[in-house]
There are 2 protein chains.
Amino acid sequence: MGRNREFDVDQVLDAAVCVFWRKGYEGTSYTDLTQATGVERPALYSAFGNKEKLFRQALAHYYEHYLDYFPAALELPTSREVAAHLLFRSAELHTRYPDRKGCLYVHGALAGSDDAESIRCALINARTDGEASLRDRFERAKQEGDLPVTTNCASLAAFVMAVLHGMAVQAKAGFSRDMLEAVAEQALSTWPTGNSTLSR
Amino acid sequence: MGRNREFDVDQVLDAAVCVFWRKGYEGTSYTDLTQATGVERPALYSAFGNKEKLFRQALAHYYEHYLDYFPAALELPTSREVAAHLLFRSAELHTRYPDRKGCLYVHGALAGSDDAESIRCALINARTDGEASLRDRFERAKQEGDLPVTTNCASLAAFVMAVLHGMAVQAKAGFSRDMLEAVAEQALSTWPTGNSTLSR
DNA sequence: GCTTTTTTATAACAGTTGATATTAAAAGGG
DNA sequence: CCCTTTTAATATCAACTGTTATAAAAAAGC
């Protein structure tokens, strides 16, 4: 019983994602959020908790609805395809929406006041998890002969992630999709080759 | 005539750089600044103007005192040495001070409220200038036979900058200098070679 | 149709933000 | 030694921050 909610939670969450994506965690105020979602302040609090909890839910929404290509990329047959998929899909996502370029995981909370440290840690952990899963995927590729036995998979994963992060920074600076794809190609230009039939 | 200033402007500017470096433009409050510099609020205003002007002067100070290796790198004889110098010196700078990792030019103002857009543009322009000078340096290398005639110098410069930016993000996440150097080596692992005697 | 329950909307909360008015203090010139 | 000029320090400004009481409105059960 009781009154029914007048807004769709997932829809509001998507609007919140858009604002956080553009302005970051601390750069987004509740005035921004009510404006973007069309929902009054107390309703946001009752539905999502405080700002930190709202951001964490927005982050989960972002991962499911926009970063779904990341786990999908790991399923591809070769390490080169994995890396290429990540790089090119990121180039596309980072430039897809003119009003919110780049990546929420990168500039959602890079620097800021001490109050936001918990959010910064959450983003760092999320990126660390992504890098770890990429490293594990490269380890598998090494065992499969897709990558040389001499490959340092941790370094290779860190390198790919570094390029992804750098592309996000450049996207926020207004780089075109073509330019980011050129960066991606350069990163892939000398991908190490293994001794398996898969690698060629 | 008149009373003498009780603080050294350059010293205070360096303290301001440290705070901005760690917390970014909007994440830094005047309370932080007075605490770090030991100078009261009105004195900061009379000496540097408002917050935006103070940040711009801090940015110039940062460039002169910490980013001096950037123009120096461009003077090196080969494009590979230029890139290597930039990458490894950045890995060092980004991890030199445990209390302020990463790069002020990257996370000084990536995302934030609309009030900070002028500062964001200033940082974007600064990074764009650096990338342009790097591209010009690669163009010269191409003419000298240090890089293949097929080289897309704009893409190559954008790639190096992307790795630098990505390393800054990773440094802020706590990456060690060794890890960043591994990323740098990976980026350099397949540097294009020209046909001049300089390139080998 | 009243009661209960949940959701809205208005208004206000204390704390902090960047920026100053004001007053006291110090330095140098005549 | 006074007078002018510049700086320093205390206090304060309005505007905004995230967060909540409080009251009005709507939906469902008995």
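Residue numbers begin at 1 in each chain, while the letters A, B, ... track the order of the sequences.
Straight-line distance from the CD atom of B/Glu6 to the C1' atom of C/dA24: 13 Å, rounded to whole Å. C/dA11 atom C1' lies 18 Å from atom OH of A/Tyr30, rounded to whole Å. Following rounding to the nearest Å, A/Glu26 (CD) and D/dC16 (P) show an atom-to-atom distance of 18 Å. Note: NZ (A/Lys23) to C1' (D/dC16) measures 13 Å, nearest angstrom. One interatomic measurement links the two molecules: CG of A/Asn4 to P of C/dT5, which rounds to 16 Å at whole-angstrom precision. Following rounding to the nearest Å, A/Phe7 (CZ) and C/dT6 (P) show an atom-to-atom distance of 15 Å.
Under the ring pair (Phe, Tyr, Trp, His ring centres under 6.0 Å) test applied with B/Tyr62, the options B/Tyr105, B/Phe70, B/Phe55 reduce to a single match, B/Tyr105.
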Table please: side-chain donor-acceptor pairs of residues 8-20 of chain B below 3.5 Å, with sequence neighbours left out.
unit_1, atom_1, unit_2, atom_2, d
B/Asp8, OD2, B/Gln11, N, 3.2
B/Asp14, OD1, B/His61, NE2, 2.8
B/Asp14, OD1, B/Tyr66, OH, 2.9

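You'll find the side chain of B/Tyr69 stays beyond 4.5 Å of the side chain of B/Leu74, heavy atoms only.
Taking only side-chain atoms of A/Thr31, from C-beta outward, the nucleotide of D/dT17, C/dT8, D/dA8 with the closest atom is D/dT17.
DNA chain C lies under 4.0 Å from at least one heavy atom of each of the following residues of residues 35-53 of chain B: B/Arg41, B/Pro42, B/Tyr45, B/Asn50, B/Lys51.
On a pure distance criterion of 3.5 Å, no polar donor-acceptor pair joins the side chain of A/Arg3 and the base of C/dT6.
By the 6.0 Å and 45° rule, B/Arg135 does not stack over the aromatic ring of B/Phe138.
Nucleic acid contact class of A/Thr34 (heavy atoms, under 4.0 Å, all strands): none. Nucleic acid contact class of B/Ser113 (heavy atoms, under 4.0 Å, all strands): none.
When all heavy atoms of A/Ala173 and B/Arg127 are compared, the pair lying nearest together is CB-NH2, 3.8 Å.
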(request) Determine, step by step, whether A/Thr78 and A/Glu81 satisfy the side chain to side chain donor-acceptor pair (under 3.5 Å) criterion, reporting the C-alpha distance in whole Å, the side-chain angles of both residues, the deciding distance to 0.1 Å, and the verdict. (result) CA-CA 5 Å; A/Thr78 68; A/Glu81 285 174 282; 2.8 Å; yes

